[in-house]
Amino acid sequence: MKYSKEEVMQYVSEEDVKFIRLAFCDVFGKQKNISIMTDELPRAFEYGIAFDASAIAGFGGETHSDLFLHPDPETLTWLPWRPEHGKVVRMFCSITYPDGKPFECDTRSLLKKAILDAKIAGCTFYFGSEQEFYLFELDDKNMPTKIPYDRAGYMDIAPEDKGENVRREICLTLEQMGIHPESSHHEEGPGQNEIDFRYTEALTAADDVMTFQTVVKTVARRNGLYADFSAKPLDDAPGNGFHINASVKPDDSSENLHRMIAGVLDKAVPMTAFLNPTDDSYRRLGQMKAPRYISWSAENRSQLVRIPAAANEYRRAELRSPDPYANPYIAFALMIWAGLHGIEDKVDLPKSVDINLYKAEEKILSTLTKLPSTLEEAKKAAASDEFIKAHIPVEILEFYCK
């Protein structure tokens, strides 16, 4: 349900709400928040709530440190793990300077801009996320270890799959917050899990990714575990992927879907620094079903982009290179702009590569363009690319590429 300001005020009054968390994220997508009491809600809606941004990654130094949070009433949800009496609710926020000017490093607003550009072009993009994470045991001081919670494999069941009840609790908690997972299962790695979401419009999909990671980490801790979303938690096991399923409307003849894929493939190299923002990201790419080459195919999981088997409104393209440390607002925004590039510039979709690239001969691989092999290589590609410079504010670009 999407609330208005008046409905939020009524909800807070009637549902015994005592604390309101105003949530946002830094440029890398790490969620932050400030809690206010209910008496401060009218001021938050009318003027915004000031905070010191000098210690937030990518938000600048002490010289101009005051920024304002403006809650989005449509994103209201309660936090089921907090007390039933004296409830805690959360809203995502936009960020401005004291004079009301939008803050350049507010990546949620960046995604809103991409959505508006798509609307002007007559298109609407939808996204569905698939995020993987490991569950590790805690030591006697409640610090994370690298001991997997179980030794189960892909889609195994209990008792080998010890994460079954944890995933169940995660899914039920998300449902209580108005977010509906599509499926969940054990992944290939020991202690590795995956929960998938059905497609929805871009801003909601990105908000849901942020909420999902918070819920997973919270539920894991409540069960005496640590949830690890990093790209390569274990050297000898599969990394964590953030597979992004994307579709575009209208797409009566599938032409726009193919053009969108072509645009994403065309801009894959300069986008990589934002989709894979850590050194560990490049230890994941190129092995254990994580792509290395710029290619596409139907259903083939060795490709950068695949078109899963689906029909009608479920037809989509899956981008397989991102990992869960990617900021979803930037990731979805770049995919929208790359997709629009493909559609508006009528970029031709290259021929599909219908082979297993992990077993392909070198003479075949040598004909394909590689994704960056290191973070430094990815940064250089992003910093010099005109597409990236046209869409990513210089303040964000400098922070990612410095």
Side-chain angles (χ1 to χ4, degrees), residues 2 5 8 20-36 40-77 89-120 201-211 213-214 271 273-275 277 325-337 379 382-383 387-402:
K2 293 187 175 182
K5 292 179 181 179
V8 169
I20 300 161
R21 291 189 183 179
L22 305 183
F24 62 103
C25 68
D26 65 21
V27 293
F28 284 124
K30 182 176 177 59
Q31 189 166 321
K32 308 285 185 178
N33 72 234
I34 183 173
S35 290
I36 61 172
E40 299 300 312
L41 186 56
R43 178 166 70 97
F45 278 139
E46 186 169 359
Y47 303 108
I49 298 296
F51 72 104
D52 176 7
S54 62
I56 306 295
F59 280 22
E62 291 79 4
T63 307
H64 301 288
S65 62
D66 287 342
L67 294 174
F68 282 75
L69 296 174
H70 301 269
D72 181 349
E74 293 188 354
T75 65
L76 176 76
T77 187
V89 298
R90 184 225 65 204
M91 286 180 283
F92 287 113
C93 300
S94 58
I95 308 172
T96 69
Y97 289 103
D99 63 2
K101 177 186 173 185
F103 179 51
E104 298 88 348
C105 294
D106 177 8
T107 56
R108 192 170 186 268
S109 293
L110 185 72
L111 177 55
K112 288 181 181 180
K113 183 178 186 302
I115 293 168
L116 180 59
D117 288 347
K119 183 178 180 181
I120 292 171
E201 58 89 16
L203 190 61
T204 298
D207 288 343
D208 287 352
V209 169
M210 299 295 296
T211 303
Q213 290 201 7
T214 298
M271 284 169 33
F274 301 95
L275 304 180
Y325 272 19
N327 182 327
Y329 300 110
I330 295 179
F332 293 172
L334 285 174
M335 288 185 70
I336 289 173
W337 281 315
K379 288 179 179 180
F387 168 79
I388 295 296
K389 289 190 284 188
H391 294 296
I392 298 297
V394 64
E395 294 84 359
I396 295 178
L397 183 58
E398 287 180 354
F399 196 81
Y400 267 81
C401 297
K402 67 182 180 181

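Just so you know, these numbers use all the heavy atoms, side chains as well, and skip hydrogens, waters and symmetry mates. Just so it is clear, the structure is predicted and the values come from calculations on it, not from any experiment.
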Inter-residue atom distance [X].[atom1] - [Y].[atom2], 0.5 Å rounding:
X: W337; Y: D117; atom1: CH2; atom2: CG; value: 6.5 Å
X: I95; Y: K32; atom1: CD1; atom2: NZ; value: 11.5 Å
X: L111; Y: L116; atom1: CG; atom2: CG; value: 11.5 Å
X: I396; Y: I388; atom1: CD1; atom2: CD1; value: 11.5 Å
X: N327; Y: F332; atom1: CG; atom2: CZ; value: 10.0 Å
X: R108; Y: C25; atom1: CZ; atom2: SG; value: 9.5 Å

Please confirm whether Y47 and F68 have ring centers closer than 6.0 angstrom. no

Check: F399 ring centroid to F28 ring centroid under 6.0 Å: yes

Within a strict 4.5 Å, meaning less than it, do heavy atoms of the [X] and [Y] side chains meet?
X: M210; Y: F24; value: no
X: F92; Y: Q31; value: yes
X: S35; Y: R21; value: yes
X: F51; Y: L22; value: no

Test applied, side-chain contact (heavy atoms from CB on, under 4.5 Å); reference residue, M91; option that passes from N33, D72, I20: I20

Aromatic ring pairing F274/Y400, orientation class (parallel under 30°, perpendicular over 60°, tilted between): tilted

F103 vs F59 aromatic rings, parallel, tilted or perpendicular, using cut-offs 30° and 60°? perpendicular

Smallest separation among heavy atoms of [X] and [Y], with atom names:
X: T107; Y: Y329; result: O-CB, 3.3 Å
X: S94; Y: D106; result: CA-OD2, 3.5 Å
X: A57; Y: D26; result: O-CB, 3.4 Å
X: A382; Y: L397; result: O-CD1, 4.1 Å
X: E395; Y: C105; result: CB-SG, 3.6 Å
X: A114; Y: I336; result: O-CG2, 3.6 Å

Do [X] and [Y] pair up side chain to side chain, a donor and an acceptor below 3.5 Å, judged on atom types alone?
X: T211; Y: R90; result: yes
X: D207; Y: T75; result: no
X: Q213; Y: Y325; result: no

Around K119, counting heavy atoms of other residues, nucleotides and ligands shown, do more than 12 lie under 6.0 Å from its NZ?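 12 or below, so no.
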
